[in-house]
**Student:** 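Quick one: the structure is below, questions incoming.
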Amino acid sequence: MKKEIVAAGIHNYTPPEEYVPPKSPQVQQHLEWFMGLKLGFMMHWAPGCQLGTYESWPLSDGDADWSQEDFTWAPAEVCKQQYWDANKTFNPVKFRPDAWAQLASECGFKYLLFTTKHHDGFCMYDTKTTDYKITGPDCPFHTHPDADVVGALYREFRRRGLAISTYFSKPDWHSPYYWAPQFGSAPTRNVNYDVAEHPELWEQYVRFTHEQIRELCTNYGTIDVLWLDGGWVRPDNMGQDIRLGQIVEELRATTQPQMIVCERTCGGEYENFITPEKTVPDTALTVPWETCTTVGQKFSFHYTDTFKSGRQLVHLLLDVVSKGGNLALNIAPQPDGMLPAPAERSLREMGAWLKLFGQGIYNTRICPPYFAPRLFYTRTDGCAYAFYAYDEVPALPDKLTLRLPQPVASARCMRTGQTLRFRQGDGEVTLDLECLPMGGAFYAEGFELTFA
């Protein structure tokens, strides 16, 4: 039996052994660069955030058992209509794209992954394909100078040197070509008609989708990654073929020759990296991958959300990077345009750690033995880095034994800069830490080991 693509809104991921590398040398080179960035600032934001519920999913009756759990203040159909109409009251007057970009830069993020459109079909950019958009006349925010949220964010994040990953949902539940009203309600997240019986309607949907992708990849400068969600939209599921290769090759031949594409869970030449969601693989992987997960518990804004601490975020980052991946860390903005203060505080705590230890995170590769209890390894051409994860109260052993793939010539503590005494043999290096001061230690200690 084929494994379910999405369960409770969470995507599975393509098995690494099925990975197909991109054919284009330019894309391959860009992908190698992208995998060195390591930390992405992910954001789910749309008018539905005002309701403090899951983004889009409560609209799908086939997912009602979990997605409508906090969608109970009125009958479900009333709540769904209120969700659809949330654009008419969305006015995030405290939105400061420069402040978001500055925060991301200061906290050590290297790229932005923003939801230009989720499954509900609301566009956070100035599309010509629909009025269900942030710049539409029904939305009070449309008169704001930065009403084109995607354009404003891309401008400010690029100013600070961050790359751009464009989240786009392949299914669009607002489109009359996907959930077609003439066929009644939509019982599941899939198209609500038989594509084989109505090819002309599906063709309209394909053209609609291509045009939206074309807008995003033509009107907004360089797009480093086109990140496509909604893995159930695929040819082998009810014939939902959006002919992705056609639009991707058009764009790579014109405006975006270097563009990485991530068609999540679909495999093949347009899933240029795989995307575990809210999970980290058990082992190091030799194929490109990115975990997407949350600072809080949810991807979308919830009034009652709770947030991971800075220490938890650092340990998560170490887990991901030691296994060869990137971490796309989601923070959901509030309805007023501000970011939740507890989440921002945790990001700044992680950023403070990265200022000391980022050299062992960015542009690194996997290093055997990859990880061990409390230990995480990375490497560059001339160095290995070993990180020792702390409990709430930092404490180090007097001696720390590491396993490394080759002999080392020197060792130093990245936090203090001091050179460390060591002995080595039989593939092991034992650091003498007795004289290392603990003042200022937090979250995890980092050691740089220069290869002989």
Side-chain angles (χ1 to χ4, degrees), residues 2-22 27 30-31 34-35 37 40-44 54-57 60 63 111-121 163-173 178 188-191 209-210 212-213 216-217 223-238 240-245 247-248 251 256 259-281 285 287-294 299-300 320 323-330:
K2 188 171 182 179
K3 194 174 184 181
E4 191 174 6
I5 296 168
V6 180
I10 304 298
H11 274 67
N12 291 311
Y13 61 96
T14 300
E17 60 272 18
E18 297 178 12
Y19 176 75
V20 178
V27 175
H30 204 56
L31 179 59
F34 175 74
M35 291 308 302
L37 300 183
F41 195 77
M42 188 179 191
M43 308 187 89
H44 279 69
Y54 292 96
E55 189 166 11
S56 301
W57 285 104
S60 170
D63 298 279
Y111 61 98
L112 170 69
L113 172 53
F114 185 77
T115 48
T116 64
K117 183 185 78 168
H118 204 254
H119 316 324
D120 59 18
I164 299 299
S165 184
T166 294
Y167 174 115
F168 180 83
S169 171
K170 293 184 295 180
D172 185 322
W173 297 336
Y178 193 80
T188 73
R189 67 181 72 130
N190 292 288
V191 62
T209 303
H210 282 198
Q212 288 195 333
I213 294 174
L216 286 166
C217 296
I223 303 300
D224 297 291
V225 179
L226 178 61
W227 202 96
L228 299 168
D229 206 6
W232 60 92
V233 175
R234 53 195 294 161
D236 61 357
N237 181 38
M238 301 175 64
Q240 297 179 90
D241 183 3
I242 60 167
R243 301 199 303 275
L244 179 65
I247 184 64
V248 167
L251 294 167
Q256 309 290 346
M259 185 174 70
I260 301 159
V261 177
C262 176
E263 190 184 25
R264 306 184 65 201
T265 74
C266 292
E269 63 179 305
Y270 299 115
E271 189 176 17
N272 298 158
F273 57 87
I274 61 178
T275 56
E277 183 171 335
K278 280 202 161 186
T279 189
V280 179
L285 304 182
V287 303
W289 64 279
E290 172 197 72
T291 275
C292 56
T293 192
T294 52
F299 279 101
S300 55
V320 169
K323 294 172 180 174
N326 283 9
L327 174 61
L329 196 54
N330 186 86

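Values in this document were obtained by computation on a predicted structure and should not be read as measured data.
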**Student:** Would you mind reporting whether Val225 and Thr166 have side-chain heavy atoms less than 4.5 Å apart?
**Tutor:** no
**Student:** Assess the residue pair Leu226 and Tyr270 against the criterion (side-chain contact (heavy atoms from CB on, under 4.5 Å)); give the C-alpha distance rounded to whole Å, side-chain angles, the decisive distance to 0.1 Å, and a yes or no.
**Tutor:** CA-CA 10 Å; Leu226 178 61; Tyr270 299 115; over 6 Å; no
**Student:** Check step by step if side chain to side chain donor-acceptor pair (under 3.5 Å) holds for His44 and Thr115.
**Tutor:** CA-CA 5 Å; His44 279 69; Thr115 48; 5.2 Å; no
**Student:** Strictly below 4.0 Å, N to O, side chains only: are Asp241 and Arg234 in salt-bridge contact?
**Tutor:** no
**Student:** Once rounded to the nearest 0.5 Å, what's the spacing between atom OG1 of Thr116 and atom CG of Leu216?
**Tutor:** 4.5 Å
**Student:** Quick one: OH on Tyr54 to OG on Ser60, what's the gap to the nearest 0.5 Å?
**Tutor:** 13.5 Å
**Student:** For Ser165, does its backbone N or O pair with a side-chain atom of Asp224 as donor and acceptor, under 3.5 Å?
**Tutor:** no
**Student:** Give, for atom OG1 of Thr188 and atom CG of Asp63, the distance between the pair rounded to the nearest 0.5 Å.
**Tutor:** 8.0 Å
**Student:** So, for Gly267 and Thr14, which heavy atoms are closest and what is the spacing to 0.1 Å?
**Tutor:** N-OG1, 3.8 Å
**Student:** For Thr209 versus Ile242, what's the shortest heavy-atom pair and its separation?
**Tutor:** CG2-CD1, 4.4 Å
**Student:** Taking all non-hydrogen atoms of both residues into account, name the closest pair between Pro281 and Trp289 and its distance.
**Tutor:** CD-CZ3, 3.4 Å
**Student:** Does the side-chain contact (heavy atoms from CB on, under 4.5 Å) test come out yes or no for Asn330 and Thr293, once each step is laid out?
**Tutor:** CA-CA 6 Å; Asn330 186 86; Thr293 192; over 6 Å; no
**Student:** Check the pair Tyr13, Thr265 against side-chain contact (heavy atoms from CB on, under 4.5 Å), reporting the backbone distance first and the verdict last.
**Tutor:** CA-CA 5 Å; Tyr13 61 96; Thr265 74; 5.6 Å; no
**Student:** Do the side chains of Leu228 and Leu244 get nearer than 4.5 Å, heavy atoms only?
**Tutor:** yes
**Student:** State whether Lys170 and Asp229 are salt-bridged, where the test is any N-O pair (Lys NZ or Arg NE/NH1/NH2 against Asp/Glu carboxylate O) under 4.0 Å.
**Tutor:** no
**Student:** Hey, which of Glu277, Glu271, Glu290 is the one that makes salt bridge (charged side-chain N to carboxylate O under 4.0 Å, His left out) with Arg264?
**Tutor:** Glu277
**Student:** Do you know which of Phe114, Tyr167, Tyr111, Phe34 makes ring-ring contact (aromatic ring centres under 6.0 Å, His included) with Trp227?
**Tutor:** Tyr167
**Student:** Rounded at 0.5 Å granularity, tell me how far CD in Gln256 sits from CD1 in Ile223.
**Tutor:** 5.5 Å
**Student:** How long is the straight-line distance from CD of Gln212 back to OG of Ser169, given to the nearest 0.5 Å?
**Tutor:** 9.5 Å
**Student:** Any side-chain heavy atom of Phe273 within less than 4.5 Å of one from Asn326?
**Tutor:** no
**Student:** Evaluate the ring planes of Trp57 and His119, with Trp represented by its six-membered ring, and classify them as parallel (under 30°), tilted (30 to 60°) or perpendicular (over 60°).
**Tutor:** perpendicular
**Student:** Is there a side-chain contact (heavy atoms from CB on, under 4.5 Å) between Met42 and Leu329? Walk through the geometry before answering.
**Tutor:** CA-CA 5 Å; Met42 188 179 191; Leu329 196 54; 5.9 Å; no
**Student:** Does NZ or CZ of Arg189 fall inside the cone over Trp173's six-membered ring, less than 6.0 Å from its centre and within 45° of the axis?
**Tutor:** no
**Student:** For Cys262 and Thr275, which heavy atoms make the closest approach, and how far apart are they?
**Tutor:** SG-CG2, 3.4 Å
**Student:** Is there a donor-acceptor pair under 3.5 Å between the side chain of Ser300 and the backbone N or O of Glu55?
**Tutor:** yes
**Student:** For residues Ile274 and Pro288, determine if any side-chain heavy atom of one lies less than 4.5 Å from a side-chain heavy atom of the other.
**Tutor:** no
**Student:** Enter the distance from Met259:CE to Leu31:CG here, rounded to the nearest 0.5 Å.
**Tutor:** 13.0 Å
**Student:** Which pair of non-hydrogen atoms, one from Asn272 and one from Val27, has the smallest distance, and what is that distance?
**Tutor:** OD1-CG1, 3.8 Å
**Student:** If you take all heavy atoms of Tyr178 and Asp172, which pair is closest and at what distance?
**Tutor:** CB-O, 3.2 Å
**Student:** Using only atom types and a distance under 3.5 Å, with no angle test, would you say the side chain of His210 pairs donor to acceptor with the backbone of Arg243?
**Tutor:** yes
